Amino acid sequence: MDRILIAYFSHEGEAYVGGKIVELEEGNTKAAARMIQAMTGAEMFRIEPVTPYPHDHMETIEVAKKEQQADARPPYKGKVADMESYSTILLGYPNWWGTMPQIVMTFLEDYDLTGKTILPLCTNEGSGMGSSEKDLKQLVPGAVIGKGLSIQGGKVARSEKDIQRWLQKNHVI
C-alpha cells in the first residue's frame, strides 16, 4: 500500500480572519491537517521553524515579505524519516504574499521528490491558491502536482466535506 505523508506549515497567534485580526490558538492549516489525518490515518510532519515567526500578525507578514523578497530558505526543525517510502504528500500551508511561505520551499528542496504526488492545500482569506501550484511545479519539476484545495481560513472548521471530496477526487480515501 502507498504511504501518505501530511506535511504542513501553520502559524499560531494573530491572523487575519473574516476581515479582522483575531487570536488563533491553533493555526488554520494545522486544523485542516488534523482533519485530513482523521480521514486518512496518514502520518504528519509539522514544518516548524527554527526561529518562530512573530505572534503579531503585522510583524509576521513583514517577516514573510522580507523572506520572499530575499528568496530566503528559513530552516525548520527535524527531518522526515524515510521520505523515499512515501508516494503521496499532502502539503498544507497558508497563502503568504500570493504563494506558499518560503519555509515550505525549504522543506521541498530538502528532499528528492521525483515521482511523488504532491497535493497542495492552501488556507487563505480570499486569495485562493495564488501562484503556489505554478510555483510548486517549478520548484519540484520531477513530482506530479495535483489539483490543490483552497480553504478560507475562517471557514476551516466547516470545511470537512470539501476536504473529504478533495481527498476522494485524488484517490487518497
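Everything quoted here is computed from the prediction, not taken from an experiment.
- Counting all heavy atoms, side chain and backbone alike, V156 lies closest to A31 at CG1-CB, 3.7 Å.
- Side-chain contact check for S132 and Y93: at least one donor-acceptor pair (N or O, by modelled atom type) lies under 3.5 Å.
- Side-chain contact check for E62 versus K65: some heavy-atom pair is nearer than 4.5 Å.
- Among all heavy-atom pairs drawn from C122 and M129, the shortest one is CB-SD, 3.4 Å.
- Close placement of the F45 and F107 rings is indicated, their centers lying within 6.0 Å of each other.
- Closest non-hydrogen pair, M100 versus L108, comes out as SD-CD1, 4.0 Å.
- Looking at I118 and V140, their side chains come closer than 4.5 Å, going by heavy atoms from C-beta outward.
- Shortest non-hydrogen contact noted between W96 and P101 is CE3-CB, 3.6 Å.
- Residues L121 and I36 meet the side-chain proximity criterion, which asks for heavy atoms closer than 4.5 Å.
- Counted by atom type alone, N95 and T123 present zero donor-acceptor pairs between their side chains at under 3.5 Å.
- Formation of a donor-acceptor pair under 3.5 Å by the E48 side chain with backbone atoms of Y76 is not found in this model.
- Remark: the backbone N or O of V80 is paired with a side-chain donor or acceptor of Y111 at under 3.5 angstrom.
- The backbone N or O of E84 sits nowhere less than 3.5 Å from a side-chain atom of D82 that would complete a donor-acceptor pair.
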Q: Would you please test I163 and I151 for side-chain contact (heavy atoms from CB on, under 4.5 Å) and show each step?
A: CA-CA 9 Å; I163 290 172; I151 299 176; 3.7 Å; yes
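- Judged by distance alone, with hydrogens and angles left aside, the side-chain atoms of E67 form no donor-acceptor pair with the main-chain N or O of A72 at under 3.5 Å.
- With 3.5 Å as the limit, one finds no donor-acceptor pair spanning the side chains of Y53 and E12.
- A donor-acceptor pair under 3.5 Å is formed between the side chain of T60 and the backbone N or O of P54.
- Side chain of E43 to main chain of I6: no donor-acceptor pair is present (N/O by atom type, distance under 3.5 Å, no hydrogens or angles).
- Across all non-hydrogen atoms, the minimal contact from H11 to H55 is CE1-O, 4.0 Å.
- A 4.5 Å side-chain heavy-atom check between T106 and P75 finds every atom pair outside the cut-off.
- Between the side chain of K116 and the main chain of I89, no donor-acceptor pair closer than 3.5 Å is present.
- Checked by atom type and distance alone, the side chain of H57 never pairs as donor or acceptor with a backbone atom of V22 at under 3.5 Å.
- N124 places a side-chain N or O within donor-acceptor distance of the main-chain N or O of G126, the cut-off being under 3.5 Å.
- Looking only at distances, no side-chain donor or acceptor of E133 sits under 3.5 Å from a matching main-chain atom of K147.
- Considering all non-hydrogen atoms of both residues, K77 and P49 come closest at CE-O, 3.6 Å.
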